[in-house]
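Please read these numbers as outputs of a predicted model, since none were measured by experiment. Throughout, protein chains are lettered first and strands after them, A, B, ... in sequence-line order, and every chain is numbered starting at 1.
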Protein chains: 2
Amino acid sequence: MFDQLKKSRPKLQEHWGKYANYYHRLEVPAKTVLLNEGDISKKAYYIEKGCIRVWFNNKGKDVTFQFFFEQESVSSLESFKKSIPSQVTLETIEPSVLYWIHKKDHDNMMKELNAIPEVREQLSDILLDRQINYMTHFMSFIKDTPKERYVNLLKEKPHIIKRIPQHYIASYLGITSVSLSRIRNAVSK
Amino acid sequence: MFDQLKKSRPKLQEHWGKYANYYHRLEVPAKTVLLNEGDISKKAYYIEKGCIRVWFNNKGKDVTFQFFFEQESVSSLESFKKSIPSQVTLETIEPSVLYWIHKKDHDNMMKELNAIPEVREQLSDILLDRQINYMTHFMSFIKDTPKERYVNLLKEKPHIIKRIPQHYIASYLGITSVSLSRIRNAVSK
DNA sequence: TAGATTTATTAACAATTGTTATCGTGGCCC
DNA sequence: GGGCCACGATAACAATTGTTAATAAATCTA
C-alpha cells in the first residue's frame, strides 16, 4: 500500500507501515461523493488509484478547489481535525481504489508517531511543503491573469490538463468553461 | 512581551515565556524592509506594536499578500524554515516595535517545545488555524468577485480597511487601486 | 511653513471575462 | 443500436476590470 512512500521517505514508511491495519480498502466508481459539504468528516483517504476533486458550492455553481492523485492523502482538513462542518465536498472523478482511516485511529496513530522525534520532523516537513504549495498556488491567483494561469498549469502540471475534464479545470482556474475554451483557442494559435 | 498570549493560551505562554531572552527588541520607522524578496530569512518577528505588510514584485508592480498586526508572529515561512530564497518581502507599514529571534535559537526552542506533548499540540493547533485562515481567504478569491471580496473585508476585518492605505488593500484584493476606488464609490451609494 | 511626494478620485477608452444560447460530438446506459 | 446526457466550441452582447492620464487632497520632509 505505501510502496511509493517507501522510496521517498523510508524512515517515515518504516513507522507508518505499522499502522497499515488501520486502513480499509475501498473501491468506488467515478463521481462518488466521499464527504458532503456541511458534514463532519470522520475519515481521511489515501489514493492508490484514481483521483479526487475537492469542490464547494457557490451560488448554485460548483467551484473546484483542488485535485488529488495517486499516493496522496486527502481529507477536509479543518473538518477532520477539528470536527466542524466541512467547507468542501470530496468526490472521485475516476473509478478509484482508496484506503480510508477512521479519525479515532488517525488521532491515535498521529499521537504515537509524533512522539518519535525523527518522524515528527518528517511529518511537519510534509505539512510545511503542503502549505508552501498552497501559498505558491495562491500567489499565482493574485498575480497572474486567467490566461497566464492556464499556460502555467499546462507547463507545470500537464497531467492535470490531460486527465481532468475541462469544465473542472475552468472552475479550478477561477473562470467559466466558456472563457477557458476561448483561452485555449487563443493559446493554440 | 507575551502578555496577550497569556490570556489566550496560558499553557503555551508558560513554556514559551522561558525563551523570552532569545528575543531582541527592535524599534523601526514605517516602510522599513525587514527581509527582501530573494534573500534567505534568518529572523522571525513578533509584533508588539505596529503592522507588517508581506508583498512580492510582479512585473514591476508590488502585490500585497498579507497583513500582520499586534501579537502576531511573522516570517517568510518557507525561507525561514528551509533556508531557501524568500518569495516575499517583509516591510513595516507603520512605525513598529518588534521582537526578533534568530533561526538558530528558534530551531532550538522549537525542538524543546515540541518535545512537550501538550505544547506540541497547541503549536500544531496554531499552524492548523493559520492554514485554515489561509484556505478560507483563498476560497474567497476563487468564488467571489472583487466587489464581494471588498464588502466581505469591510464586514469581517474592518480594522484592516481603517488602518491600511487603500492601494495596499487594492493589491491585497487582487485589483488595481483605480478599480477599488470605483467599487468603494458604488458600494457607498 | 513651503515644496515635494504619496495617496485617492475620476474620466475615457481598451481589453477581458461573464452570461446566455445554440450546436455538434462522443460516450454511456437501457 | 438508439436515445440521452455530458462535454466542449462558438457567437453575441452585457458587465467588469485594466490602462493611462489629469487632478485634488493628504502627508511627509527639509
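A:D107 pairs in a side chain to side chain donor-acceptor pair (under 3.5 Å) with only one of the listed residues (A:K104, A:K111, A:K103), which is A:K103.
Taking 4.0 Å as the cutoff to heavy atoms of chain A, we find the contact window on DNA chain D bounded by D:dC7 to D:dA12.
Regarding contacts with the backbone of C:dA8, every side-chain N or O of B:R184 stays at 4.0 angstrom or more from both OP1 and OP2. Between B:N185 and C:dT10 there is a side-chain polar atom (N or O) within less than 4.0 angstrom of OP1 or OP2. Applying the 4.0 Å criterion to OP1 and OP2 of C:dA8, one finds that B:H167 has a side-chain N or O inside that range.
Ring geometry for B:F67 versus B:F69: interplanar angle of 30 to 60°, hence tilted.
Residue B:Y168 is the one, among B:Y168 and B:V178, whose nearest nucleotide of DNA chain C lies closer to the 5' end (criterion: closest heavy atom). The residue among B:Q166 and A:K147 whose nearest nucleotide of DNA chain C lies closer to the 5′ end is B:Q166.
Ring centroids of B:F141 and A:F138 are separated by less than 6.0 Å, placing the two rings close together. The aromatic ring centroids of B:H102 and B:Y22 lie 6.0 Å or more from each other.
To the nearest angstrom, C1' of C:dA8 lies 13 Å from CZ of B:R182. Note: CG (A:L180) to P (C:dT19) measures 15 Å, nearest angstrom.
As judged by a 4.0 angstrom heavy-atom cut-off over every strand, B:S181 is placed among the base-contacting residues.
Using modelled atom types and a 3.5 Å distance limit, the side chains of A:E112 and A:Y19 yield a donor-acceptor pair.
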Evaluate side-chain hydrogen bond (donor to acceptor under 3.5 Å, both in side chains) for B:S76 paired with B:S86, printing each intermediate quantity in order. CA-CA 6 Å; B:S76 173; B:S86 174; 2.8 Å; yes
